[in-house]
Amino acid sequence: MKPYKAILATALAAASGITVPVLGQAPAQAASDVGVIANLWNWNWNSVARECTEVLGPAGYGAVQVSPPQDSMAKGGSVWWDIYQPARYELTSKFGDEAAFRRMVDTCRDAGVKVQVDTVINHMTGQGATSYGGYGFSKYDYPGLYSSQDFHQPTCQINQGDYRNDAWRIQNCELVGLSDLNTGSEYVRGRIADYMNKLTSFGVSGFRIDAAKHIHPGDLSAIKSKLIGSPYIHQEVIQGDQEAVQPSQYTGVGDVDEFVYGRKLREQFTGQIKNLRTFGESWGLSVSGDKAVAFVDNHDTERGGSTLTYKSGDTYKLANLFMLAWPFGTPQVYASYIWNNSEAGPPSANSGHVTDVNCSNGQWTCFDRQVSGMVGFYNAVKGTSVANWTDNGNNLIAFSRGDKGWVAINNESGTVTQTFTTNLPAGTYPNVAGNGTVTVDSSGRATVTVPGKSAVAIHTGSTPQPNDKEATVYYRTGWTTANIHYGINGTWTTVPGVPMETACTDWKKKTITLGSANSFKTVFNNGSGTWDNNNGNDYTLGTGISTVKDGVVTANATNPCGN
C-alpha cells in the first residue's frame with residue numbers, strides 16, 4: 001500500500017553490554033515452513049520467471065512474492081501505487097497479461113519456487129477512469145463487478161485520531177480516499193474469493209493480504225473459508241503503539257507481516273549490534289516468531305525512512321544476512337528498483353508497462369542475488385538454536401546455529417582476525433556470505449578474518465571450494481572516480497558497485513576474488529549516474545589481468561601502468 005501510517009515507536013528491551021560466549025536462543029521458526037521468500041516487487045512476469053529459474057530455485061528460496069496482478073487504474077508508469085487501486089480482477093496489469101502470469105507461475109513451480117500474490121481486497125480505486133487493460137470505470141462503479149451498494153455506506157474517511165480510538169472506522173471508512181469494499185457482504189466476499197481461487201487454480205500457493213488492518217478479521221476469516229485448498233496467508237497489519245487494531249488480532253487468520261522487526265534492526269545496525277544477542281519478541285515485536293513474516297524493508301518502509309534500505313549500502317546487506325542467520329519468523333528478502341523520487345514507478349515503456357529487469361543497468365537492485373548464499377545457510381540450520389555467541393562489545397558479533405552453521409558479522413570499518421568456536425565438524429567450508437573459505441579444526445574452532453562491513457558464514461552440506469581465483473581489471477576512463485559493478489555466477493554487487501583505485505593516469509584498477517568462477521560480468525559507472533555497460537551487453541572478463549579501453553576488452557593483458 002501507499003504509506004498511510006507511520007509505525008509508532010515501541011520501547012527497546014534493555015540490552016546488556018557483557019560478552020556472552022554461549023547463548024541458548026531457541027529457534028522461533030514460522031509454523032508454515034514456507035522457506036525464504038523473495039519479494040520481487042514491481043518485476044514483470046517475464047523477469048520473475050527468469051529469476052526463479054536462474055537464481056531463486058538454485059539458491060533454495062522457498063517462495064517468490066509478486067506484485068498485485070489484477071487490472072488497476074492506469075497512471076502511465078509515472079507512479080508505483082496505481083497497482084494498489086484495483087479496477088477489476090482480470091489479469092491485465094502493467095506486469096503482463098494472464099498468459100504471461102500463468103507461464104511465470106508454471107516456470108517458478110518447475111524451479112521449486114512457490115508463488116505468492118500481493119492481493120488487494122480492502123478497496124478498489126480512489127481516482128482514474130481507465131485501467132491498464134483498457135477497462136472503463138469510476139469510483140464506486142465497476143461494470144460487471146461492483147456498484148455503489150457493494151461499498152461501505154455512508155462513506156467516511158479515516159482520520160489520524162481513529163487509529164487509537166476507533167477500530168470500527170479503521171475497518172469501515174476509506175483509507176486515503178480509496179473506495180472501501182463492504183467485506184461483510186456475502187456478494188463481495190464471493191467475488192474476492194472467486195479472484196483468489198482463480199489464482200490458486202493457476203498454481204499460486206499463497207497470498208499477502210494488502211491493508212488487512214483495514215478489514216475486520218472476521219471478514220477475512222469468512223473469505224478464507226471460501227478458498228480452495230489451504231493457501232499460505234500473511235497479512236499487512238502495521239503495529240501502532242496503543243492502537244485499537246493490533247496485529248495479534250489477525251493471527252487466527254494467518255501469519256502477519258512484522259513491521260517492527262525492520263525498525264529494530266535499523267536501530268541496532270546504526271548503533272551497536274552486540275545488543276542483538278537477545279533479539280526477538282521480547283523487544284516489542286508485534287507477533288511471535290511462528291506467526292511473523294520478517295523483513296528488513298519493503299516498498300512502504302523504504303520510502304518512509306523507518307528502516308534500512310538499499311541506499312544504506314553494506315549496512316543494509318549485513319542486516320539482511322543477520323535476518324537469514326537468526327531464528328525468528330519467515331524471512332523475506334526485498335528486491336526492487338532504484339529510485340530518487342519516492343512516488344516514481346519502475347522502469348517502463350508502452351504506456352507504463354514495466355520493462356524486463358536488467359540487473360546490470362543501474363535501474364534495479366536485484367538484492368535477492370546479493371544474499372543468495374545465505375538462503376542455503378537458512379535452509380541448513382533450520383530448527384537449530386543459537387550458541388557460542390561472541391561480540392567485541394560494539395559492532396562485531398558471531399554465533400553458531402547448533403552444529404549446522406556459524407556466522408560472523410562485522411559492522412565496523414576495520415578488519416578483524418580472531419579465533420572463534422564454530423561448533424561445526426572439522427573441514428574446509430566456503431564462505432556463503434562472500435568469498436573465500438574457512439577451515440575448522442577438530443575442536444570446532446577456526447581462525448577467521450572478517451573484513452570491515454562484511455560477514456563470513458559457513459554451514460554443513462556446502463561444498464568446499466578450491467583455491468580462490470582472482471581477476472585484476474584495469475579500466476581506462478577520464479572519470480575522477482570509478483566504480484565497478486560486477487556479477488559472479490549471477491550474483492551482483494550492490495549498485496553502484498565497489499570503488500576502483502587509481503592505477504596511473506587515465507587508468508582505474510580493481511582486483512576481484514572469483515572463488516571457483518572462471519569469468520564474470522561487469523559494468524562501470526562514475527557514481528553519479530553515468531554508466532558504461534558495453535551498450536547494454538555488459539563486459540565479460542576472465543581470470544588474470546584484463547584491460548577495458550574504449551569498449552574493447554583485452555584478456556591476459558599486461559599491466560598498462562607498467563608497474
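Numbers here simply count residues along the sequence, with the first being 1.
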Can you check side-chain hydrogen bond (donor to acceptor under 3.5 Å, both in side chains) on Glu258 and Ser286, steps first, answer last?
CA-CA 6 Å; Glu258 176 48 87; Ser286 62; 2.8 Å; yes
Consider only side-chain N and O atoms of His234 and Gln116, and report whether a donor and an acceptor are under 3.5 Å apart.
yes
Return yes if some donor-acceptor pair links the side-chain N/O of Ser400 with the main-chain N/O of Ala387 below 3.5 Å, else return no.
yes
Has the side chain of Gln239 got a donor or acceptor atom that lies under 3.5 Å from a matching backbone atom of Leu285?
no
Side chain to side chain, Asn320 and Phe295, heavy atoms closer than 4.5 Å:
no
Assess the residue pair Lys453 and Thr315 against the criterion (side-chain hydrogen bond (donor to acceptor under 3.5 Å, both in side chains)); give the C-alpha distance rounded to whole Å, side-chain angles, the decisive distance to 0.1 Å, and a yes or no.
CA-CA 7 Å; Lys453 288 292 182 179; Thr315 304; 2.8 Å; yes
Side chains of Gln268 and Asn275: does their closest heavy-atom pair fall under 4.5 Å?
yes
Strictly by modelled atom types, are Asp538 and Ser360 linked by a side-chain donor-acceptor pair under 3.5 Å?
yes
Derivation of the salt bridge (charged side-chain N to carboxylate O under 4.0 Å, His left out) call for Asp33 and Lys382:
CA-CA 10 Å; Asp33 198 24; Lys382 189 162 41 180; 3.3 Å; yes
Minimum-distance pair of heavy atoms, taken over all atoms of Tyr232 and Thr330
OH-OG1, 4.4 Å
Taking the six-membered ring for Trp, are Phe420 and Trp406 parallel (under 30°), tilted (30 to 60°) or perpendicular (over 60°)?
tilted
Give the minimum heavy-atom separation between Thr107 and Ala49, together with the two atoms involved.
CG2-O, 3.6 Å
How about Trp80 and Trp41: are their ring centroids closer than 6.0 Å?
yes
Hey, does Ile458 have a side-chain heavy atom less than 4.5 Å from the side chain of Pro430?
no
Would you say NZ of Lys549 has more than 12 non-hydrogen atoms from neighbouring residues, nucleotides or ligands within 6.0 angstrom?
no
Between CG on residue Leu424 and NZ on residue Lys404, distance to nearest 0.5 Å:
9.0 Å
Answer with yes or no whether the side chains of Ser342 and Arg303 bring together a donor and an acceptor at under 3.5 Å.
no
Quick one: does any side-chain atom of Thr309 pair with a main-chain N or O of Glu302 as donor and acceptor, under 3.5 Å?
no
Atom CG in Asn556, atom OG in Ser546: separation rounded to 0.5 Å?
7.0 Å
Aromatic contact between Phe524 and Tyr486, with the criterion being ring centroids under 6.0 Å apart: yes or no?
no
Check side chain to side chain contact (heavy atoms under 4.5 Å, CB included) between Ser205 and all other residues, then give those that pass, not counting sequence neighbours.
Arg109, Lys114
Pair Phe101, Phe95 - check ring-ring contact (aromatic ring centres under 6.0 Å, His included), show working.
CA-CA 8 Å; Phe101 179 84; Phe95 307 113; over 10 Å; no
What's the verdict on side-chain hydrogen bond (donor to acceptor under 3.5 Å, both in side chains) for Thr540 and Lys521, showing C-alpha distance, side-chain angles and the deciding distance?
CA-CA 5 Å; Thr540 300; Lys521 298 278 191 178; 3.2 Å; yes
Do side-chain atoms of Asp532 reach the backbone of Asn534 as a donor and acceptor pair under 3.5 angstrom?
yes
With sequence neighbours excluded, residues passing salt bridge (Lys or Arg N to Asp or Glu O under 4.0 Å) with Glu51
Arg369
Counting only N and O atoms by type, is there a donor-acceptor contact under 3.5 Å from the side chain of Asp297 to the main-chain atoms of Thr301?
no
Can you tell if the side chain of Trp531 reaches within under 4.5 Å of the side chain of His485, non-hydrogen atoms only?
yes
What do the steps show when you test Asn392 against Glu412 for side chain to side chain contact (heavy atoms under 4.5 Å, CB included), and what is the final call?
CA-CA 11 Å; Asn392 69 347; Glu412 300 182 350; 3.0 Å; yes
Rounded to the nearest 0.5 Å, how far does CZ of Phe520 lie from NZ of Lys469?
13.0 Å
Nearest heavy-atom pair of Val456 and Thr449: which atoms, and what distance?
CG2-O, 3.9 Å
Might you point out which heavy atoms bring Tyr429 and Thr460 nearest each other, and give the distance in Å?
CE2-CA, 4.2 Å
Show, in sequence, the C-alpha distance, side-chain angles and deciding distance for Thr439 and Thr428, and conclude whether the side-chain hydrogen bond (donor to acceptor under 3.5 Å, both in side chains) test is met.
CA-CA 4 Å; Thr439 299; Thr428 299; 3.3 Å; yes
Can you tell me how far CG of Asn525 sits from CG of Asn483, rounded to the nearest 0.5 angstrom?
4.5 Å
For Asn341, does the CG atom sit with more than 12 other heavy atoms under 6.0 Å from it, leaving out its own atoms?
yes
Stepwise, does the side chain to side chain contact (heavy atoms under 4.5 Å, CB included) test hold for Asp255 with Ile233?
CA-CA 6 Å; Asp255 286 356; Ile233 290 176; over 6 Å; no
Please lay out, stage by stage, how Asn559 and Tyr474 fare under the test side chain to side chain contact (heavy atoms under 4.5 Å, CB included).
CA-CA 8 Å; Asn559 183 345; Tyr474 287 88; 3.1 Å; yes
Indicate yes or no for a side-chain donor-acceptor contact from Asn431 to the backbone of Thr437 under 3.5 Å, with no hydrogens or angles considered.
no
Can you check side chain to side chain contact (heavy atoms under 4.5 Å, CB included) on Val473 and Ile484, steps first, answer last?
CA-CA 9 Å; Val473 182; Ile484 181 169; 4.1 Å; yes
Less than 6.0 Å separating the ring centroids of Trp283 and Tyr261?
no
Mind checking whether Phe367 and Tyr316 have ring centres under 6.0 Å apart?
yes
Please check this pair: side chain of Arg445 against backbone of Asp441, looking for a donor-acceptor N/O pair closer than 3.5 Å.
no
May I ask you to decide if Trp339's main-chain N or O and Lys311's side chain share a donor-acceptor pair within less than 3.5 Å?
yes
Heavy-atom closest contact (Lys509 atom, Ala503 atom, distance):
CB-CB, 3.8 Å
Any side-chain to backbone donor/acceptor pair from Asn410 onto Ala455? Under 3.5 Å, distance only.
no
What is the minimum heavy-atom distance between Leu265 and Ala319, and which atoms define it?
CD1-O, 3.9 Å
Looking only at the side chains, is there a donor atom on one of Thr447 and Thr419 sitting less than 3.5 Å from an acceptor on the other?
yes
Lys/Arg-Asp/Glu bridge criterion (N-O < 4.0 Å) met for Arg208, Asp118
yes
How long is the straight-line distance from OG1 of Thr493 back to CD1 of Ile488, given to the nearest 0.5 Å?
9.0 Å
Just by modelled atom types, is the Gly271 backbone N or O under 3.5 Å from a matching donor or acceptor in the Asn395 side chain?
yes
Any chance you could measure Ile409, atom CD1, to Leu276, atom CG, to the nearest 0.5 Å?
8.0 Å
ring-ring contact (aromatic ring centres under 6.0 Å, His included) contacts touching residues 433-457 (sequence neighbours left out):
none
